[in-house]
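Below is one structure, written out as structure tokens, with a few remarks after it.
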Amino acid sequence: MRTIPKEKREMSRAPMITPMTSRGQELRRMQEELKRALKKPVEERNWVMVVNPKKCTACFACVVACMAENVSPPGVSYRVVPEVEMGEYPQVSRTFMPTNCVQCDNPPCMKAANAVKPESLTKRPDGIVAIDYKKFRGREVFEKAAQACPYTALYFDDGRFWTEGTPALQPYEQVENFEYGKRWGRVGGSPPVGTARKCHFCLHRLNAGMLPACVTTCDGGVTYFGDLNDPKSLVSELLTTHRSLRLKVGLGTKPRVYYLVDDTQAAENLKACLACHR
Ligand code: SF4
Ligand code: SF4
């Protein structure tokens, strides 16, 4: 019988080490932090998103992932990546600015919507602004809330399908989604048809121990997510070691999405992005 040399036997017992990209390490770290946060009571979690626009190449992977996760119909995209071009040739720079609902701590949409349909929007203790798809019904309440939102983050689900008018409605449009931890199917006009839709930080995924879809698919490592109450979290570390800004803080909305701006040019480009939000 052939004997395996001792050093080879030891090698075979060694764990398989797969080289990890730095993004892989970041994702693993954020995943562990999420597990840690989920062990705490909900009111002790403090979810925030951190975006580094300098790394964004506008690949739109986050947009597609979000639409697939939430089965978004035409006219609804919780995540968008607007582009701003600055300067004149040959001194031209472009910034891509991934944005979604910033989960305001003082959300003007909530006051506007609840004045029409009480409790149709709520602020959760972990910071997420949640839509009640059964209470938030109709165009009127949507118009009020959308006009109040300074971030153009709300969309109306008018019941259309991408493949309607083609020989067959495709199965991927007929699947249920799991927003807010419930099962929703749009076929036949059930909610969320007829209601407002927006980013919810992928609450259903968080509660299942998964990071938001836009975070896990972002190949460029642009988007981070975590618990700001955890001083050891990656988001806490990023926000203490980098300069950051939040959009339209002057309005008192207290947004939960931070943009890293380590150099003056980045800050200038982001200010230019604000032009779209005026
Ligand atoms: S970004 Fe708009 S929709 Fe989101 S919480 Fe703030 S006001 Fe509401
Ligand atoms: S957190 Fe979820 S819902 Fe929000 S933009 Fe990302 S993928 Fe979409």
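All values reported here derive from a predicted model rather than from experimental measurement. Hydrogens, waters and symmetry mates are skipped; everything else that's a heavy atom, side chains included, is used. First listed ligand is number 1; within each ligand, the first listed atom is number 1.
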Residues Asp105, Arg256; criterion salt bridge (charged side-chain N to carboxylate O under 4.0 Å, His left out); working and verdict: CA-CA 7 Å; Asp105 277 349; Arg256 286 178 169 265; 2.7 Å; yes
Greater than 12 external heavy atoms within 6.0 Å of Lys111's NZ: yes
Heteroatoms of the protein, restricted to N/O/S, which lie under 2.8 Å from atom 8 (Fe) of ligand 1: Cys109 SG
Tyr155 side chain vs Ser77 backbone, donor-acceptor pair below 3.5 Å: yes
Lys NZ or Arg CZ of Arg79 over Phe201 ring: under 6.0 Å, within 45°: no
Residue among Lys40, Lys35, Arg45 satisfying salt bridge (Lys or Arg N to Asp or Glu O under 4.0 Å) with Asp227: Lys40
Separation between CZ of Arg137 and OG of Ser120, rounded to the nearest 0.5 Å: 11.5 Å
Asn229 side chain to Glu44 backbone, donor-acceptor under 3.5 Å: yes
Whether Tyr133 and Tyr180 hold their rings parallel, tilted or perpendicular, with breakpoints at 30° and 60°: perpendicular
Co-membership, hydrophobic cluster, residues Leu239 and Val222, 4.5 Å side-chain: yes
Distance below 2.8 Å from atom 2 (Fe) of ligand 2: protein N/O/S atoms: Cys202 SG
